[in-house]
Protein chains: 2
Amino acid sequence: MKNGKNKLRSHCPVNYGLEAFGDRWALLILRDIVFRGKRTYGEFLKSEEGFATNILASRIDHLIAAGILQREGHETDGRKDTFSLTEKGLDLIPLIFEMVLWSAKYDSRSEAKRIIRLVELIKKDNRKISQKVMEQVKRGEGIVAEYLS
Amino acid sequence: MKNGKNKLRSHCPVNYGLEAFGDRWALLILRDIVFRGKRTYGEFLKSEEGFATNILASRIDHLIAAGILQREGHETDGRKDTFSLTEKGLDLIPLIFEMVLWSAKYDSRSEAKRIIRLVELIKKDNRKISQKVMEQVKRGEGIVAEYLS
DNA sequence: AAAAATCACTTGCATTTTGCAAGTGATAAT
DNA sequence: ATTATCACTTGCAAAATGCAAGTGATTTTT
């Protein structure tokens with residue numbers, strides 16, 4: 001991974017996206033925030049895909065440098081920081097949802113089966129449901145129960 | 001990169017997408033096909049981001065194993081193969097378009113400025129324009145002139 | 001028909017990135 | 001005061017990447 005200070009290889013929109021968030025681990029952090037309402041380093045670390053501690057730290061730094069994530073001190077525990085999506089990060093939700101749609105269609109064992117209601121809503125109007133979810137995530141809720149199963 | 005035979009780390013829809021096409025180079029191949037109408041190894045190699053020859057070969061293999069790309073013999077030149085998107089690959093176009101939208105919004109130097117018309121159409125109705133572009137790409141046209149500038 | 005060029009790779013090797021285990025220093029809980 | 005928890009960093013082996021230099025199959029040029 002390159003850090004935010006290196007110049008981009010190109011300003012092609014696809015390449016820009018890739019360099020900003022298109023890293024395997026970086027996108028999983030965003031998923032954890034959006035779908036699981038996670039907010040701290042320790043919570044990210046518990047993800048089933050298995051972050052290495054150094055990689056997680058470096059990806060968080062990268063996302064912050066890219067203006068996608070922001071860090072604040074934890075309200076009650078001085079050891080922790082709280083991470084949340086900036087406006088720029090929230091705007092990635094429609095893209096993540098398209099990814100969910102695609103995987104739901106092509107992965108026969110997709111866990112998207114547990115969020116059929118949400119998948120239907122994305123299919124119907126991604127922009128609309130994304131807007132709604134962006135508000136929820138902004139309030140720190142993650143994907144709420146109403147979309148599950 | 002892991003090859004198609006390794007099992008997935010998870011069937012989370014986001015992770016599935018990442019393992020299938022969510023590699024820096026893999027997505028650039030798709031971009032080259034969709035936006036530039038490229039079809040051969042040599043054409044991909046010329047991309048401004050600079051593929052290494054071995055990486056390009058391995059990513060093509062990966063995309064084929066993932067069922068996103070397909071290989072056919074070139075019509076007139078026996079040294080070449082022609083690569084094209086499968087149905088599964090074409091279905092990634094809406095996702096790529098969301099990426100373009102996001103980059104257009106946040107990269108002040110985005111080359112998306114040269115496809116303002118297309119960006120507007122995506123904003124208005126991604127599904128609709130994607131459908132149209134899918135047909136064009138299927139015919140081997142890449143993004144056509146009407147969307148440029 | 002022979003020689004040269006093109007094309008799609010593969011190979012070898014140095015550099016970079018990853019993944020794991022084991023710290024470390026700060027805060028919190030007991 | 002002592003121990004645990006948390007968010008990292010460090011060190012190092014293993015894997016992936018990037019580059020240069022092949023290689024073998026066509027195709028083009030002479």
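Note on naming: letters A, B, ... go to the chains in the order of the sequence lines (proteins, then strands), and numbering restarts at 1 for each one. Just so it is clear, the values below take in all heavy atoms, side chains as well, and ignore hydrogens, waters and symmetry mates.
The distance between atom CD1 of Ile29(A) and atom C1' of dA7(D), rounded to the nearest whole Å, is 14 Å. Remark: P of dC6(D) and CZ of Phe44(A) are 15 Å apart, rounded to the nearest angstrom. In this structure, Ile60(A) atom CD1 and dT9(D) atom P are separated by 10 Å, rounded to whole Å. The separation between Asp61(B) atom CG and dT17(D) atom P is 13 Å, rounded to whole Å. For the pair Asn54(A) CG and dA15(D) P, the computed distance is 16 Å after rounding to whole Å. To the nearest angstrom, P of dG18(D) lies 11 Å from CG of Leu28(B). Rounded to an integer number of Å, the gap from Leu56(A) CG to dT18(C) P is 13 Å. Between Leu45(B) atom CG and dC19(D) atom P the separation is 12 Å, expressed in whole Å.
Glu120(A) has a carboxylate O that lies under 4.0 Å from a charged side-chain N of Lys123(A), or vice versa, which qualifies the two as a salt bridge.
In this structure, CZ on Phe83(A) lies 11.0 Å from CZ on Arg39(A), to the nearest 0.5 angstrom. Interatomic distance, CD1 of Ile55(B) versus CG of Asp23(B), reported as 8.5 Å (0.5 Å rounding). In this structure, NZ on Lys113(A) lies 10.5 Å from CD on Glu111(A), to the nearest 0.5 angstrom.
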#### Entry: side chain to side chain contact (heavy atoms under 4.5 Å, CB included) between Ile129(A) and Asp125(A), intermediate numbers included
CA-CA 6 Å; Ile129(A) 184 67; Asp125(A) 192 342; over 6 Å; no
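Of the side-chain N and O atoms in Arg59(B), none sit less than 4.0 angstrom from OP1 or OP2 of dG18(D). For dG19(C), the OP1/OP2 oxygens have a side-chain nitrogen or oxygen of Trp25(A) closer than 4.0 Å.
Annotation for Glu75(A): atom CD does not count as buried by contact number, only 12 or fewer foreign heavy atoms lying within 6.0 Å.
The stretch residues 68-81 of chain B touches DNA chain D through Thr76(B), Asp77(B), Gly78(B), Arg79(B), each having a heavy atom within less than 4.0 Å of the strand.
For Ile55(B), counting side-chain heavy atoms from C-beta on, the closest listed nucleotide (dG18(D), dT10(D), dA21(D)) is dG18(D). Side-chain proximity of Thr53(B) to the nucleotides dA21(D), dA8(C), dA7(D) is greatest for dA21(D).
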Side chains of residues 89-104 of chain A: which donor-acceptor partners sit under 3.5 Å, not counting sequence neighbours?
{"from": "Asp91(A)", "atom 1": "OD2", "to": "Lys105(B)", "atom 2": "NZ", "distance (Å)": "2.7"}
{"from": "Asp91(A)", "atom 1": "OD2", "to": "Tyr106(B)", "atom 2": "OH", "distance (Å)": "2.4"}
{"from": "Glu98(A)", "atom 1": "OE1", "to": "Arg127(B)", "atom 2": "NH1", "distance (Å)": "3.1"}
{"from": "Glu98(A)", "atom 1": "OE2", "to": "Asn126(A)", "atom 2": "ND2", "distance (Å)": "3.0"}
{"from": "Glu98(A)", "atom 1": "OE2", "to": "Arg127(B)", "atom 2": "NH1", "distance (Å)": "2.7"}
{"from": "Trp102(A)", "atom 1": "NE1", "to": "Lys88(B)", "atom 2": "O", "distance (Å)": "2.9"}
{"from": "Ser103(A)", "atom 1": "OG", "to": "Met99(A)", "atom 2": "O", "distance (Å)": "3.1"}
{"from": "Ser103(A)", "atom 1": "OG", "to": "Pro13(B)", "atom 2": "O", "distance (Å)": "2.7"}

